There are 2 protein chains.
Amino acid sequence: MLDICLEQENPLSWPLQIYRQIRIAIIGGHLRDGDSLPSAKELARHLAVSEDSVGAAYEWMSTEGLLECRINAPARIRTGVREVHRTRQPVVPLGFWADLPKPPLRLNAAPEYDFRAGVPDTRIFPMDTWLRLLAEQMTTMPPQLLIYEDPRGRADLRREIAVRLHRSRELQVRATDVLVTNGSQQAVHLAARVLLRPGDRVAVENPGYPPPRQMFTSLGAEPVGVRVDSEGLVVDEIPDDCRLVYVTPAHQFPLGMPMSLRRKLDLLAWARRRSAVIVEDDYDTELKFTERPLEPLHSLCPDGQVIYVGSFSKVLLPMLRLGFLVAPPELMPALAKAKYLTDVGTPSVEQAALARFLAEGGFADHLRGLHEEYGARRGLLIDILARDFGDVLTLVPSEAGLHVTARAEYDMWPLVQAARRAGIWLYSLGDFTDPPNFAHGLLFGYGAMRAEAIESGLRKLREIFHQKGRK
Amino acid sequence: MLDICLEQENPLSWPLQIYRQIRIAIIGGHLRDGDSLPSAKELARHLAVSEDSVGAAYEWMSTEGLLECRINAPARIRTGVREVHRTRQPVVPLGFWADLPKPPLRLNAAPEYDFRAGVPDTRIFPMDTWLRLLAEQMTTMPPQLLIYEDPRGRADLRREIAVRLHRSRELQVRATDVLVTNGSQQAVHLAARVLLRPGDRVAVENPGYPPPRQMFTSLGAEPVGVRVDSEGLVVDEIPDDCRLVYVTPAHQFPLGMPMSLRRKLDLLAWARRRSAVIVEDDYDTELKFTERPLEPLHSLCPDGQVIYVGSFSKVLLPMLRLGFLVAPPELMPALAKAKYLTDVGTPSVEQAALARFLAEGGFADHLRGLHEEYGARRGLLIDILARDFGDVLTLVPSEAGLHVTARAEYDMWPLVQAARRAGIWLYSLGDFTDPPNFAHGLLFGYGAMRAEAIESGLRKLREIFHQKGRK
């Protein structure tokens with residue numbers, strides 16, 4: 001007799017339990033093609049359930065193509081399934097994925113002193129306003145927009161971004177030049193997807209921001225690190241065959257200095273000669289602490305060659321994942337398709353809320369507050385670094401963003417490790433160079449800490465320097 | 001004298017206006033290398049501004065590497081920038097992007113009768129609960145989680161999804177097997193990114209869901225349409241060299257019938273023999289209208305070979321963009337890297353809200369309500385189709401989801417066009433076949449319309465059939 005055992009306490013119905021156990025017996029090889037099953041009546045009596053319960057299970061088996069039922073004959077297993085190799089074939093990802101580094105570890109708790117570059121102050125985020133805007137937009141949005149939006153993003157947000165870029169960054173763009181993304185990394189990814197073939201070479205800054213570089217590798221392209229000097233990327237050293245150049249001209253990551261206008265003009269001329277595309281990541285220039293114009297490459301070459309990438313991660317919250325790109329019209333249809341095929345679109349309610357925030361002027365007010373607060377922290381940080389760390393560190397001049405970088409005479413990694421053990425979280429310049437540690441220095445973010453924390457954190461760091469540093 | 005014209009009503013400061021006009025003159029070729037500028041004193045007198053204003057502009061020009069200033073000599077333009085080719089090089093995307101179809105048009109207004117497949121009822125969405133959960137999570141979330149989350153998604157959400165999958169779909173999975181995505185398309189995209197090389201062949205259903213197929217093409221892979229019969233994908237016709245198979249076994253899109261268990265076992269055996277990966281898109285099976293188990297392929301082969309993809313688009317809202325995948329452990333590190341390099345991570349507050357909604361039981365309650373409502377609409381729709389359209393349409397049996405499909409004897413496209421003009425929005429089966437229209441039929445979604453609308457919509461459609469249809 002078929003070995004079936006029904007459980008009273010099992011939430012599955014009798015038919016489902018019977019069906020499930022026959023299925024397991026077939027998959028496990030205990031029931032094979034040609035084996036006959038007892039009649040529904042017999043099995044029902046044996047299991048002390050109704051004949052209907054067994055009948056339902058048999059019917060499902062038959063519907064599933066696993067049971068042959070004939071009148072006046074026992075039902076027979078008839079799968080026709082060819083032999084399954086029982087040994088499991090491990091599924092392996094493409095080889096290069098193993099070589100790419102793991103994503104950075106998320107911290108389970110905020111460090112006592114958080115000098116990480118690019119981390120904004122979540123306490124300054126206008127939480128109440130944002131929640132009000134979300135609720136307003138969600139409850140008033142026409143139903144069809146809660147289904148699927150334009151993959152390029154909402155028209156109102158794209159318009160507000162275009163207006164904002166004109167005001168703050170001298171960009172001459174229309175709403176149709178803007179595509180909303182889930183943060184700036186996605187913007188760079190989309191640009192790469194529509195432009196790069198496996199084997200294509202891509203110039204990246206060295207030192208530079210690792211995720212785009214790794215992403216290029218993950219697409220089979222070949223990133224080439226190009227040296228950076230005090231004026232920014234050394235254009236003369238870009239290999240001729242690069243199809244794309246990824247740069248951070250306004251606030252070079254990680255060093256912090258802006259690219260000089262001369263170098264920008266040189267880079268644009270290079271790109272025109274080579275028919276290459278420049279991806280300009282303007283990730284934190286909404287926070288500019290100088291009157292000196294840090295013209296985006298895009299503003300110098302509005303009619304092509306430059307894809308401009310921006311983000312709300314630094315001025316709002318990283319985890320909103322709201323960013324955008326500005327691209328020449330001939331790339332936009334391909335970028336819209338790439339966005340659609342990658343993730344259909346960016347969540348619409350959040351887009352609508354951001355559009356309102358920009359339109360109502362709340363964003364501009366918020367930004368004024370950020371400027372004042374971050375400007376004060378930045379000034380304090382720079383003063384203390386000059387006063388107390390001048391023997392070891394030399395500040396790289398910068399004019400924008402959420403961090404400053406200082407060069408050092410020797411490897412900072414042992415100090416960084418000691419600092420982390422003491423609750424001070426900061427990056428070494430060597431974290432962003434290829435090969436690692438070819439340049440010595442430290443990054444000091446001032447986004448996540450109030451003035452008092454900057455003071456006491458640097459005091460504590462100074463002590464660690466005394467204990468650990470080469471004297 | 002240098003041609004500079006200051007504007008009183010321009011919001012830019014005098015130094016910025018002066019700087020900007022010199023810059024424009026250089027870029028425009030009106031000032032060339034070696035040209036000298038008037039002294040700051042002279043220019044200041046000429047423009048009737050202070051000498052400091054001109055001095056600041058000159059200093060910026062010098063900082064930007066465009067001006068050579070020497071004592072007792074006029075400042076000279078000195079850019080060193082090589083000639084820029086003025087003719088613009090158009091930037092072109094890779095060729096195949098032009099061949100891919102445009103994303104489907106977003107409707108500007110909801111159609112009067114919306115029979116589109118896969119469109120849920122936004123009015124059933126528990127808006128108040130969702131907004132409460134968002135507000136709770138956002139205001140109580142530890143600051144570091146508003147910065148960057150684990151790219152695989154929040155641990156609490158992954159745990160809740162694993163529990164839910166066990167309960168509703170018999171999946172034996174742990175939280176670490178789950179990766180949260182921005183909807184199911186992104187899940188399929190990530191799978192493709194870690195597994196497919198350009199030129200790899202991918203089996204897709206024909207008829208089938210177009211976006212994954214197009215996405216495979218956009219990665220340089222080669223999708224191969226495989227025939228679907230009443231038991232689902234015809235496994236015998238999958239080309240031997242396919243590295244990946246994309247299927248919708250529980251509710252084949254667009255036809256609607258489930259894949260038979262026999263066929264599932266056959267497909268799994270095929271994948272084991274060929275070391276291929278199956279991507280199982282279980283996009284709407286939370287809405288199952290039968291006791292018959294529609295076992296996911298993953299539940300039959302829990303130890304590898306299957307990547308299971310799910311989505312909350314149909315049971316919550318598409319525009320939340322919340323989905324997930326379940327993958328074998330050996331693929332998870334590569335998938336996490338791919339997610340990180342693609343868009344860093346899915347917004348965390350929405351993840352936290354969904355985790356609470358699942359944990360609090362609100363989701364299960366909501367789902368019960370959906371079952372009742374959609375079940376009633378589905379029953380009504382099927383009854384009317386059988387009663388009033390039996391002469392033209394033959395229903396494909398299905399057991400789940402948000403739409404039913406009916407086969408027809410002749411091409412439905414002219415009828416679909418006439419219906420759309422009359423405010424009835426529905427898809428033709430030919431929209432999802434390759435070549436287009438090789439199969440005749442219609443899809444009837446019942447997600448977006450209440451019972452009365454279904455009745456009057458079908459009545460109106462019947463009239464159009466009378467006018468337009470072959471009699």
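Only heavy atoms go into these numbers, but all of them, side chains included; no hydrogens, no water, no symmetry mates. Convention: sequence-line order gives letters A, B, ...; per-chain numbering from 1. Worth saying up front: this structure is predicted, and the values here are computed from it rather than measured.
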Original post:
Quick one: do Arg292(A) and Glu64(B) make a salt bridge, cutoff under 4.0 Å?
Top reply: yes
Original post:
Side chain, backbone, both or neither: which part of Leu190(B) has an atom under 4.5 Å from a heavy atom of chain A?
Top reply: neither
Subject >> Heavy-atom pairs under 4.5 Å with chain B, option from Ala327(A), Gly220(A), Gly183(A), Ala109(A) with the top count >> reply: Ala109(A)
Subject >> Most chain B-contacting option - heavy-atom pairs closer than 4.5 Å, from Leu322(A), Leu317(A), Leu320(A) >> reply: Leu317(A)
Original post:
chain B heavy atoms under 4.5 Å from Pro143(A): which part of the residue, side chain, backbone, both or neither?
Top reply: both
Subject >> Atom group of Thr122(B) that falls short of 4.5 Å from chain A, counting heavy atoms >> reply: side chain
**OP:** Report the C-alpha distance between Asp343(A) and Gln185(B) in whole Å, list the side-chain angles of each, state the deciding distance to 0.1 Å, and finish with yes or no for side chain to side chain contact (heavy atoms under 4.5 Å, CB included).
**Re:** CA-CA 5 Å; Asp343(A) 68 2; Gln185(B) 177 73 9; 5.9 Å; no
Subject >> Side chain / backbone / both / neither for Met141(B) at chain A, heavy atoms under 4.5 Å >> reply: neither
Original post:
So which of Asp114(B), Thr63(B), Leu335(B), Asp121(B) has the biggest tally of heavy-atom pairs under 4.5 Å with chain A?
Top reply: Thr63(B)
Original post:
Would you find more than 12 non-hydrogen atoms of other residues, nucleotides or ligands less than 6.0 Å from Asp99(A) atom CG?
Top reply: yes
Original post:
Does any donor atom in the side chain of Ser218(A) or Arg193(B) lie under 3.5 Å from an acceptor atom in the other side chain?
Top reply: yes
Original post:
If you count heavy-atom pairs under 4.5 Å with chain B, which of Glu149(A), Met61(A), Gln214(A), Met127(A) comes out on top?
Top reply: Glu149(A)
Subject >> Option in Gly345(A), Ala336(A), Pro333(A) with maximal non-hydrogen atom pairs under 4.5 Å from chain B >> reply: Gly345(A)
Original post:
So which of Asp128(B), Leu12(B), Thr181(B), Val92(B) has the largest heavy-atom pair count under 4.5 angstrom toward chain A?
Top reply: Val92(B)
**OP:** Please state whether the side chain, the backbone, both or neither of Glu59(B) comes within less than 4.5 Å of a heavy atom of chain A.
**Re:** neither
Subject >> Residue pair Leu66(B), Leu265(A): steps toward the side chain to side chain contact (heavy atoms under 4.5 Å, CB included) verdict >> reply: CA-CA 10 Å; Leu66(B) 298 179; Leu265(A) 296 176; 4.3 Å; yes
Subject >> NZ/NE/NH1/NH2 to OD/OE distance under 4.0 Å, Arg23(B) and Glu295(A) >> reply: yes
**OP:** Return the minimal non-hydrogen interatomic distance between Arg78(B) and Arg262(A), and the atom names on each side.
**Re:** O-NH1, 4.1 Å
Original post:
Is it the side chain or the backbone of Trp130(B) that comes within 4.5 Å of chain A heavy atoms, both, or neither?
Top reply: side chain
Subject >> Closest approach of Val194(B) to Trp97(A) (non-hydrogen atoms, all atoms of both residues) >> reply: CA-NE1, 3.3 Å
Original post:
Does any heavy atom of chain B fall under 4.5 Å from the side chain of Leu196(A), the backbone, both, or neither of them?
Top reply: backbone
Subject >> Val277(B) versus chain A, the contacting section by heavy-atom distance below 4.5 Å >> reply: side chain
Subject >> Residue part contacting chain A, namely of Glu170(B), when any heavy atom lies under 4.5 Å >> reply: side chain
**OP:** For residues Leu341(B) and His189(A), report the shortest heavy-atom separation together with the two atoms involved.
**Re:** O-CB, 4.3 Å
**OP:** Check each atom of Thr346(B) against the heavy atoms of chain A and say whether the ones under 4.5 Å are side chain, backbone, both or neither.
**Re:** backbone
Original post:
Which region of Ala271(B), side chain (C-beta onward) or backbone (N, CA, C, O), has a non-hydrogen atom less than 4.5 Å from a non-hydrogen atom of chain A, or is it both or neither?
Top reply: neither
Original post:
So, Gln186(B) versus Thr342(A): side-chain donor-acceptor pair below 3.5 Å or not?
Top reply: no
Subject >> side chain to side chain contact (heavy atoms under 4.5 Å, CB included) between Met319(B) and Leu145(A), worked out >> reply: CA-CA 8 Å; Met319(B) 257 307 143; Leu145(A) 298 189; over 6 Å; no
**OP:** Identify which part of Leu195(B) has an atom lying under 4.5 Å from any heavy atom of chain A, answering side chain, backbone, both or neither.
**Re:** both
Original post:
Which atoms of Arg20(B) come close to chain A, meaning under 4.5 Å heavy atom to heavy atom: side chain ones, backbone ones, both, or neither?
Top reply: side chain
Subject >> Options Ile24(A), Val349(A), Leu219(A), ranked by heavy-atom pairs under 4.5 Å with chain B, top entry >> reply: Leu219(A)
**OP:** Verify, without hydrogens or angle tests, whether Lys102(B) (side chain) and Lys337(A) (backbone) share a donor-acceptor contact under 3.5 angstrom.
**Re:** no
Original post:
Side chain, backbone, both or neither: which part of Met138(A) has an atom under 4.5 Å from a heavy atom of chain B?
Top reply: both
**OP:** Search all heavy atoms of Ile147(B) against all heavy atoms of Pro120(A) and return the closest pair with its distance.
**Re:** CD1-O, 3.8 Å
Original post:
Do Tyr340(A) and Pro101(B) touch side chain to side chain, with heavy atoms closer than 4.5 Å?
Top reply: no
Original post:
Side chain, backbone, both or neither: which part of Leu131(A) has a heavy atom under 4.5 Å from chain B?
Top reply: side chain
Original post:
Rounded to the nearest 0.5 Å, what separation is found between the OG atom of Ser62(A) and the CG atom of Leu261(B)?
Top reply: 12.0 Å
Original post:
So which part of Pro212(B) gets closer than 4.5 Å to some heavy atom of chain A, the side chain, the backbone, both or neither?
Top reply: neither
**OP:** Counting only heavy atoms closer than 4.5 Å, note whether Pro103(B) contacts chain A via side chain, backbone, both or neither.
**Re:** both
Subject >> Best-contacting candidate, Pro104(B), Ala56(B), Ala276(B), Pro111(B), against chain A by heavy atom pairs under 4.5 angstrom >> reply: Pro104(B)
**OP:** Of all the heavy-atom pairs spanning Glu291(B) and Ser13(A), show the shortest one and how long it is.
**Re:** OE2-OG, 2.5 Å
**OP:** Please flag which part of Ala192(A) lies under 4.5 Å from any non-hydrogen atom of chain B: side chain, backbone, both or neither.
**Re:** neither
**OP:** Identify which part of Pro211(B) has an atom lying under 4.5 Å from any heavy atom of chain A, answering side chain, backbone, both or neither.
**Re:** both
Original post:
Given the options Leu146(B), Thr139(B), Asn182(B), which has more heavy-atom pairs under 4.5 Å with chain A than any of the others?
Top reply: Leu146(B)
Subject >> Heavy-atom pair count under 4.5 Å with chain B, highest-scoring of Arg274(A), Arg123(A), Glu350(A) >> reply: Glu350(A)
